[in-house]
Amino acid sequence: MDSVFIIKSLIILGIFAISLTIAAYETYFERVIAAFIQDRVGPDRAGPFGLLQPLADAGKLFFKEDFIPGMADKWLFILGPSLAMLTALMTSAVIPFGDSILYDGQEILVQGIEVNIGILWVFGVVSLGVYGILIGGWASNNKYSLYGAIRAASQNISYELAMGLSIIAVLMMASSLSLRTIVESQHGMNWNIFYQPLGFIIFLTCSFAECNRTPFDLPESENELVAGYHTEYGSMKLGLYLFSEYVNMFISSAVIATLFLGGFNYPGMDWVYATMTENFGAVVGHNLSTLAGTLVFFAKIFAFIFLFMWVRWTLPRFRYDQLMDLGWKGLIPLAIVNLIITAAAELSGHALLVNWIGLGVFIALVYAWSAIFGTKKTSL
Amino acid sequence: MQLTDRSKKTDKTPLTLAEKSYLPGIAKGLGITLKHFFSKKATIRYPEQKRYLGPIFRGHHILKRDEEGRERCTACGLCAVACPAEAISMVAAERVKGEESLYREEKYAASYEINMLRCIFCGLCEEACPKEAVYLRHDKFVPVFTSRDQVIYGKDQLVEDMNERYERDAWTKEEMQKLWAQQKPVNY
Ligand code: SF4
Ligand code: SF4
């Protein structure tokens, strides 16, 4: 076996392990952040600062009775959480976690697989993820589970549209579907968020909805649906559902950071690269600056994970009709407008300037419209 | 009819455009939660950190001795009668010659038992006692017990240790309020 293959396998294993570890610790930090926001101290019993809490939780879940309801469809009932977990873990394959490692005269990308349709892969797999929820909810043979599952499905379909439209704007700027090319086009501080503030907000909102996180956690709204699609689940099957939600959160943070915040790019990276290669030689310097980029990328991911949790403990849940209104009447038209502005900006040759002018003109128009034709209704 | 002056009138005016986008509201809410994220916590890490419970907290019972170290209890049984949970039982005995340094009164409790599973820590025994013998400490809990043979506290656990005398911090309301003002560990 050649060493390139080994390094590649190590990278893949590392990505896998990191997604699982981060997901496990997300459960811990979710509680700590919830506690801090509510003026409490949070879990602190298991290990120093409660750091072993995820282990304790996992242990507890494993020792619970693995129960399958009598009228449930047994195989689908098992398939549901497995599918949710599988799809959650598959997405991380195409995300470029760092630049590349030089080893043995070869360049190895810090990425599971580099495919030229990376973003499509993410989208395809994420859409599959809803099957896990749908199958689980249906197989439970419980009306609350089914409601939750159907809500999840309709919500995901509605928000995927706006999400896709807001991504197309990004794709137009990079003129590529490959996540790596998108990242490389945002070299240094040239991040997409500065070109696409509206697209960023739309994408962020949609990813909250896709992850079934508050304020869009209708599929598991406990005051209406007991626990939604996982009402009948217990033991590690429930664990897999909850865990896949946290993996999804990690992945969507990574995707947001990749698409809009420049992935592993950071201001001053050229200078870091130059100093590193000067001081440590071309190969080691390159690898070190890759490491720095990866660390920056993870910092961005953690910032977004914090945002996810922060929002969860701030905002109340949307009503179902509000959710659909926001998705279909709010975000999709906005995404289309964003698309048009971006297209014009790309054609004009001054992307940054025209994007902001377009946005300003659009907001002014909407304001004028609402001032002239302002209705008395308070639908949203 | 207005019941309180805290109620807020629901604002039913139509949302403005900025409000309809939710963004200002969300930013405001995030600001509030972030403020709380960094603010001082209202709870403590309990078994390691403890709060001052106040001078009138009703905890572990104690049978006081007087200044010369004699047991004050005269086994009158008033505490047992006052006890709503019927947790106290005692056996009285007569003081014989030579025991004057042990018992203050001529009659004393040869055995005095409180069943801590029955006790509801109401403090009525303390109020009933004419000899100022039984008190509920403000500074000590009855420890957690794990089996039934640990729940009956006899004289060996109840009678005051002369080396570690129990003093109540405050007796009057004014003293107590002063203490609270000093010792309050966390601002709610
Ligand atoms: S505190 Fe109340 S319940 Fe407990 S022994 Fe005294 S009188 Fe009885
Ligand atoms: S503790 Fe007080 S009330 Fe109870 S028997 Fe002794 S003297 Fe009487």
Side-chain angles (χ1 to χ4, degrees), chain A residues 29 32-45 48-50 197-198 200-202 204-205 208 214-216 306-316 318 322-323 325-327 329-331 333-334 362-380, chain B residues 4 6-54 57 59 139-147 180-188:
Chain A
F29 280 107
V32 171
I33 289 171
F36 274 41
I37 283 177
Q38 296 164 357
D39 288 346
R40 297 181 283 119
V41 292
D44 67 339
R45 291 299 102 185
F49 305 107
L198 185 60
F200 171 71
I201 291 174
I202 294 170
L204 191 68
T205 318
F208 277 95
T214 330
F216 307 112
F306 178 74
L307 181 69
F308 267 83
M309 295 177 177
W310 185 12
V311 167
R312 168 162 183 188
W313 299 106
T314 303
L315 298 184
F318 272 74
Q322 291 174 327
L323 173 93
D325 268 358
L326 181 68
K329 297 190 201 159
L331 293 181
L334 277 180
F362 171 64
I363 292 175
L365 279 181
V366 175
Y367 251 101
W369 177 274
S370 74
I372 299 169
F373 303 103
T375 48
K376 288 275 167 281
K377 115 177 146 31
T378 54
S379 71
L380 265 174
Chain B
T4 67
R6 286 185 299 177
S7 64
K8 267 192 190 163
K9 206 163 181 311
T10 318
D11 183 8
K12 292 223 168 122
T13 51
L15 299 181
T16 63
L17 195 67
E19 279 169 346
K20 262 191 207 164
S21 76
Y22 297 122
L23 293 176
I26 291 175
K28 197 172 145 200
L30 289 177
I32 292 173
T33 41
L34 195 67
K35 204 176 79 210
H36 279 273
F37 189 85
F38 293 110
S39 69
K40 195 166 162 48
K41 305 301 163 222
T43 55
I44 52 168
R45 303 184 186 270
Y46 165 61
E48 292 89 33
Q49 296 174 336
K50 288 196 174 116
R51 284 223 173 96
Y52 180 61
L53 295 169
F57 179 78
D139 56 352
K140 191 177 165 199
F141 288 120
V142 173
V144 174
F145 26 75
T146 49
S147 89
W180 264 119
Q182 286 165 5
Q183 305 218 17
K184 209 172 193 179
V186 169
N187 293 319
Y188 293 100

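Within every chain, numbering begins at 1; the chains are lettered A, B, ... in the order of the sequence lines, protein sequences first and strands thereafter.
Separation of the A:F318 and B:Y22 ring centroids falls under the 6.0 Å cut-off. Between A:F29 and A:F36, the distance from one ring center to the other does not fall under 6.0 angstrom.
Of the atoms belonging to B:L34, heavy atoms from both backbone and side chain fall under 4.5 Å from chain A. A:I37 touches chain B through backbone and side chain together, each having a heavy atom under 4.5 Å away. Only the side chain of A:I201 comes within contact range of chain B, with heavy atoms under 4.5 Å apart. For A:W310, the parts sitting under 4.5 Å from any heavy atom of chain B are the backbone and the side chain alike.
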- Run the side-chain contact (heavy atoms from CB on, under 4.5 Å) check on A:Y367 and A:F362 step by step: do they pass? CA-CA 9 Å; A:Y367 251 101; A:F362 171 64; over 6 Å; no
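Minimum heavy-atom separation, B:H36 to B:K41: O-NZ, 3.1 Å.
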